[in-house]
Amino acid sequence: MPLRNLFSNIVMKHLLTILNQFSTAGEIVDIVPLGSGHIHETYRVITRTEVSEDYVLQQINTHVFRDPVAVMDNIGLVTTHIRRKLTASGIEDAGRRVLTPVELKNGGLMLTDLENKIWRCFLYIPRHKTYDRAPGVDQVYEGGKAYGKFLQMLSDLPAGKVRETIHGFHDIDLRITQFKEACENGIRERIVETEPEIDLLRNREEEMRSIALLGKAGEIPLRIVHHDTKINNVLYDESDKGLCVIDLDTVMPGFVHDDFGDSIRTFTNTGDEDDTDLSRVSMNIRFFEAYTRGFLEAASAMLGPAEKENLALSARVMTYMQVLRFLADYLNGDTYYRIHHAGHNLQRARAQIKLLMSMEEQYTEMKRIVTETANQE
Ligand code: GN1
Ligand code: MG
C-alpha cells in the first residue's frame, strides 16, 4: 500500500486497526493529520477512488472530555435532528450540510482501544474550504448565517435534551474563580511576570458578569448552543458559501451569547489568535457588521429583546473569558491547551487582550450596529 511516510509504520498500523472496526468503505491509501484544533488528535483518511468517501478519524481528548459517551450521545441527537430538518426542507446535498458520524461494525459511535483511548469517525465532507482568519466580508457574513441557522434548527429542542460535556464550560463565574485560583497557586514567576495582565482582568470583572446575571434572573433563556463557534469550525463550499458547522463536542445548554460572542472573537480579528505582532490584532468593524447581519438574518426570529440587546457585550465577555482561560493555563504550567512553544499561552492571552481593547474602543459602534440590524429583521 503506497502510504506516505508521515508516521511510523506502527502508528499507521494502529490507525488502520482502529479504522477497520468502523463501517468504512473503499481502500485506504493514506492517513494525514488534519485541522488546527487545540484539543483532539485528528486525521483525514484518504480512500483510493472518488466514489468511496474519505473519513475523519479522531482520538477524543478524554482529559478535556471526561464523559465521551455524553459527547457522542449529544452529537448523535443533534446531527439526526438537523439532518431530518434539512431533508424535510427539500435541500439537496443534505449530507454535506451536517456531520455524519460513522457507526462501528458492531454498533455504537465510539471505540475504546487497548490503551483505553477513545476514537470516533465521521464522513469527510468533500470539496470544502476552511479559514483560520477571515479573508473578506462575504465569508464573514456566510459564517454568521451558518451559526445562526445552526441555532435556529436546534431551537425546537429543549436545552435539557443535551448533556453538559464540560462542566461550567462558559460559566463566567467559574472561569473567574479558576483564574483567581491560578493567581494564588500557579507558578510564582509567571504570576509576577503577568501582573499588568492580571490587573487588567480584575478591573473588568463585574461588567463581564452581567450577561450571566440576566441568565440567572431568567431574562435570557438557556438553549442548545454550539460553544465553539470559531471561524475554522465552519466549512465553506467552492464558492465560499457556508456549508456546514463542525466540531460538535461542546454542543450543550448555554446562551446565544456564548456562540455569537465567541464567533466575533475569531471572525473579526485582523490578526491571529496568538499573534506575536500585537499591531496586527484588532477588531474589524466591517466584519462585525457582516457577521451580525448574517447571524440575525438566520436567527433573529427566535431571539428575545434581552438576548439581542446583549449581543455586542457578548463579544467582549467571550474574548475576556478566553483571556482568563489562556492566562490561567499559563500560570498553571500549560496543562490544558496544546502549546507549540514555551510561552505560547501567554502570547495567546496577550493577543486576545489586544483584541479585547479594540472591541472596547469600538463598543458604541458595535451596539449601534446590533440595534440597527435587529430593527431591520
Ligand atoms: C479550543 O476545539 P478547539 O481546539 O478549536 C477550546 C475552545 C477555545 C479554543 C481557543 C474544548 O477549541 O473553547 O475557544 O480552543 N475548546 C475546548 O482557540 O476547550
Ligand atoms: Mg473544539
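Note that ligands are numbered from 1 as they come in the structure, with each ligand's atoms numbered from 1 the same way. All of these numbers come straight from a predicted model, not from anything done at the bench.
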Enquirer: Taking only residues two or more places apart in sequence, or in another chain, which ones meet Tyr337 in a ring pair (Phe, Tyr, Trp, His ring centres under 6.0 Å)?
Expert: Phe326
Enquirer: Minimum heavy-atom separation for Lys85 to Met153, with atom names?
Expert: NZ-O, 3.2 Å
Enquirer: Between Val225 and Phe255, which heavy-atom pair has the shortest distance, and what is it?
Expert: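 Closest approach of Val225 to Phe255, heavy atoms only: CG1-O, 3.7 Å.
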Enquirer: Establish, from distance only, whether the side-chain atoms of Asp156 and His81 form a donor-acceptor pair under 3.5 Å.
Expert: yes
Enquirer: Only one of Gln352, Arg265, Arg133, Arg348 clears side chain to side chain donor-acceptor pair (under 3.5 Å) with Glu273; which?
Expert: Arg265
Enquirer: I need the atoms of ligand 1 closer than 4.0 Å to a non-hydrogen atom of Arg265, numbered in the order shown.
Expert: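 So the atoms of ligand 1 that pass are 10 (C), 14 (O).
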Enquirer: Mind checking whether Lys230 contacts ligand 1 via backbone (N, CA, C, O), side chain (CB onward), both or neither, at a 4.0 Å heavy-atom cut-off?
Expert: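 Under 4.0 Å from ligand 1, Lys230 contributes side-chain atoms alone.
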Enquirer: Below 3.5 angstrom, do we get any N/O pair linking His227 and ligand 1?
Expert: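 No.
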Enquirer: List ligand 1 atoms under 4.0 Å from Tyr336, heavy atoms only on the residue side.
Expert: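 Every atom of ligand 1 under 4.0 Å from some heavy atom of Tyr336: 11 (C), 17 (C), 19 (O).
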Enquirer: Flag Asn233 as yes when one of its N or O atoms lies below 3.5 Å from any N or O atom of ligand 1, and as no otherwise.
Expert: no
Enquirer: Thr250 versus ligand 1: do any nitrogen or oxygen atoms come within less than 3.5 Å of each other?
Expert: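 In this structure, Thr250 places no N or O atom under 3.5 Å from an N or O of ligand 1.
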Enquirer: Is there a nitrogen or oxygen of Asp228 sitting under 3.5 Å from a nitrogen or oxygen of ligand 1?
Expert: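 Yes, since at least one N or O of Asp228 sits under 3.5 Å from an N or O of ligand 1.
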Enquirer: Going by heavy atoms, is Arg325 under 4.0 Å from ligand 1?
Expert: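 Heavy atoms of Arg325 do come under 4.0 Å of ligand 1.
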Enquirer: Using a 3.5 Å cut-off on N or O atoms only, is Asp247 in polar contact with ligand 1?
Expert: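 By distance alone, the answer is yes.
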Enquirer: Minimum heavy-atom separation for Tyr55 to Glu53, with atom names?
Expert: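 It is CE1-O, 3.2 Å.
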Enquirer: For the 3.5 Å polar cut-off, considering only N or O atoms, please tell me whether His170 and ligand 1 meet it.
Expert: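 No, there is no polar N/O contact under 3.5 Å.
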Enquirer: I'd like to know if Arg127 and Asp237 make a salt bridge, using a cut-off of under 4.0 Å between side-chain N and carboxylate O.
Expert: no
